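First up is the structure itself, then whatever we jot down about it.
Just so it is clear: chains get the letters A, B, ... in the order the sequence lines come, proteins before strands, and each one is counted from 1. Predicted model only: the values in this text are computed from it and were never measured. What you see below is based on every heavy atom in this structure, not just the backbone, and it leaves out hydrogens, waters and symmetry mates.
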Number of protein chains: 2
Amino acid sequence: MARMGLTTQRVTVAAADLADEIGFEGVTVSAVARSFGVRDASLYSHIKNVHDLRARVAVLALAELAERVAAALAGRAGKDALVAFANAYRAYAGEHPGRYAATRLQLEPEVAAASAAGRHAAMTRAILRGYALEEPDQTDAVRLLHSVFHGYVSLEGTGAFLNTPRAADASWSRSLDALDMVLSNWPTAGRDR
Amino acid sequence: MARMGLTTQRVTVAAADLADEIGFEGVTVSAVARSFGVRDASLYSHIKNVHDLRARVAVLALAELAERVAAALAGRAGKDALVAFANAYRAYAGEHPGRYAATRLQLEPEVAAASAAGRHAAMTRAILRGYALEEPDQTDAVRLLHSVFHGYVSLEGTGAFLNTPRAADASWSRSLDALDMVLSNWPTAGRDR
DNA sequence: CGACGATACCTAATAACATTAGGCTAAACC
DNA sequence: GGTTTAGCCTAATGTTATTAGGTATCGTCG
């Protein structure tokens with residue numbers, strides 16, 4: 001009958017670890033309770049419900065990701081910054097697939113605001129300081145970057161690149177070269193060719 | 001006691017429709033059975049289990065998406081083709097969020113092979129015929145395109161672009177301009193700047 | 001130190017979903 | 001028209017989510 005010393009924080013971390021092991025969909029109240037050796041009902045003193053649990057994992061992952069990216073970005077500029085950001089992003093997703101999947105959870109506005117979601121966008125904008133982009137080009141570029149990063153990582157995660165022999169790393173690297181080129185020569189007009 | 005006339009095909013379509021209405025996660029054996037007014041167990045003559053049901057929705061969606069994209073691509077080349085492909089892709093995802101979500105399901109290799117997944121890649125390559133790209137650049141470009149399309153649509157679907165006032169359509173359009181530029185001047189070396 | 005209140009965890013109970021086994025009956029096919 | 005097939009049902013079991021209410025352990029204060 002030793003107490004397990006549960007707290008919302010510990011439960012959240014356990015859920016996140018579980019997500020990385022068995023996938024985010026596998027993050028269930030029962031599974032987390034099992035990992036602590038306690039009854040399902042015992043977790044409800046610490047979390048509101050499954051959705052709350054998953055949302056907490058999402059917020060945790062968002063914060064961790066933001067931290068990693070920020071660290072990678074420190075002291076860099078231009079293409080260096082772009083590559084560092086992108087690699088940190090992809091590395092996190094690769095090391096923590098479950099946590100990363102959690103970041104795609106649809107968070108309610110209040111939660112999202114309180115979390116590091118905004119910090120993410122802020123840092124993406126930081127990259128762009130190296131490239132001379134005004135609004136609204138900057139917003140467009142942020143969206144493009146985020147799309148590429150998320151899209152690539154997401155497709156890679158579901159094995160979409162396994163059919164072709166070409167290594168995923170190589171394509172990633174070339175995609176970053178391409179992005180650097182786009183950002184350097186952002187198409188100002190739009191009507192041509 | 002009128003028979004419902006269920007078949008695997010009808011069950012799959014009903015599941016797909018349900019997915020578009022309430023989200024792909026909501027596609028459950030119970031819910032589909034309910035939509036037909038039959039018992040849960042009755043569906044098991046037509047599907048193997050939930051995963052089978054969801055996989056069928058995924059295959060259906062992949063085929064529909066491939067068809068839409070192929071139609072849009074007919075008779076176009078170069079940037080026209082790129083834009084038509086991209087818009088067809090995004091439109092499908094917008095009209096059928098549940099079906100689109102299903103396409104991200106991890107399919108077992110045999111199922112994926114039998115499905116239209118390969119056709120998708122083939123068509124992406126068709127776009128690239130308008131741009132002079134050799135292997136392995138072509139593979140890299142296909143991955144980049146797919147990443148942007150999927151990433152954008154996915155982020156848009158989870159409301160990631162709602163914070164900023166800039167319209168999602170506008171950024172999309174500019175991103176396509178950017179992609180056209182990248183494909184036209186694909187970075188051959190990689191080390192510069 | 002012993003009482004007290006807060007907190008951590010438990011049992012019990014209900015409900016939705018997934019799945020299997022076995023039965024009944026409407027339809028289709030000579 | 002009788003038989004086979006296939007479509008649907010009931011019954012039963014296991015997992016997960018969630019609530020209500022109980023017990024035990026901990027820190028704290030008199």
Side-chain angles (χ1 to χ4, degrees), chain A residues 1-60 98-99 101-102 104-108 111, chain B residues 1-60 98-99 101-102 104-108 111:
Chain A
M1 313 307 159
R3 296 244 175 151
M4 229 40 263
L6 299 189
T7 65
T8 302
Q9 189 51 209
R10 286 195 58 202
V11 169
T12 303
V13 172
D17 291 344
L18 197 61
D20 286 336
E21 283 168 39
I22 65 175
F24 187 57
E25 342 71 48
V27 173
T28 168
V29 175
S30 300
V32 175
R34 211 174 300 135
S35 83
F36 279 112
V38 301
R39 296 300 187 154
D40 298 12
S42 306
L43 294 191
Y44 286 86
S45 325
H46 307 284
I47 58 166
K48 215 157 42 85
N49 48 41
V50 218
H51 179 262
D52 178 52
L53 174 62
R54 293 191 177 151
R56 284 177 192 280
V57 174
V59 170
L60 171 68
R99 282 168 155 89
R104 294 296 12 116
L105 195 70
Q106 178 104 27
L107 292 177
E108 22 286 309
V111 183
Chain B
M1 316 314 158
R3 297 248 171 145
M4 227 42 260
L6 299 189
T7 67
T8 303
Q9 187 53 208
R10 287 194 58 203
V11 169
T12 304
V13 172
D17 291 344
L18 197 61
D20 286 336
E21 284 168 38
I22 65 175
F24 187 58
E25 342 71 50
V27 173
T28 166
V29 175
S30 300
V32 175
R34 207 176 302 134
S35 82
F36 279 112
V38 302
R39 296 301 187 153
D40 298 13
S42 306
L43 294 191
Y44 286 86
S45 325
H46 307 285
I47 58 166
K48 215 158 39 93
N49 49 42
V50 217
H51 178 262
D52 178 52
L53 173 62
R54 293 191 175 150
R56 284 175 191 282
V57 174
V59 170
L60 170 69
R99 281 170 157 88
R104 293 298 8 117
L105 196 68
Q106 177 104 28
L107 292 178
E108 21 287 309
V111 184

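- Applying the salt bridge (charged side-chain N to carboxylate O under 4.0 Å, His left out) test to every pair with at least one member in residues 7-29 of chain A, sequence neighbours left out, gives these pairs: A:Asp17-A:Arg99, A:Asp20-A:Arg99.
- Nearest approach of B:Leu43 to B:Val11, heavy atoms of both residues: CD2-CG2, 4.1 Å.
- Rounding to whole angstrom units, CG of residue B:Leu6 and P of C:dA27 are separated by 14 Å.
- Non-hydrogen atoms lying under 4.0 Å from DNA chain D are contributed by nothing in residues 16-24 of chain A.
- At the phosphate of D:dC8, OP1 or OP2 sits under 4.0 Å from a side-chain N or O atom of B:His46.
- Here C:dA8 presents its P atom at 14 Å from CD1 of A:Ile47, a figure rounded to the nearest Å.
- Looking only at side-chain heavy atoms (C-beta outward), B:Leu107 and B:Val59 come within less than 4.5 Å of each other.
- Within the structure, the salt bridge (charged side-chain N to carboxylate O under 4.0 Å, His left out) test picks out the following pairs touching residues 48-59 of chain B (sequence neighbours left out): B:Asp52-B:Arg56.
- Nearest heavy atom pair, residue B:Ala102 against residue B:Val57, reads CB-CG1, 3.7 Å.
- The minimum heavy-atom distance linking A:Leu18 with A:Gly26 is given by the pair CD2-O, 4.4 Å.
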Inset, instruction - Spell out protein contact along nucleotides 10-23 of chain C as letters: B when the base is contacted, S when just the sugar-phosphate is, - when no protein heavy atom is under 4.0 Å; keep the 5' to 3' order. - result: BB-----SSBBB--

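- For B:Asn49, there are no side chain to side chain donor-acceptor pair (under 3.5 Å) partners at least two apart in sequence or on another chain.
- Among residues two or more places apart in sequence or in another chain, the side chain to side chain donor-acceptor pair (under 3.5 Å) test is passed with A:Ser30 by A:Asp40.
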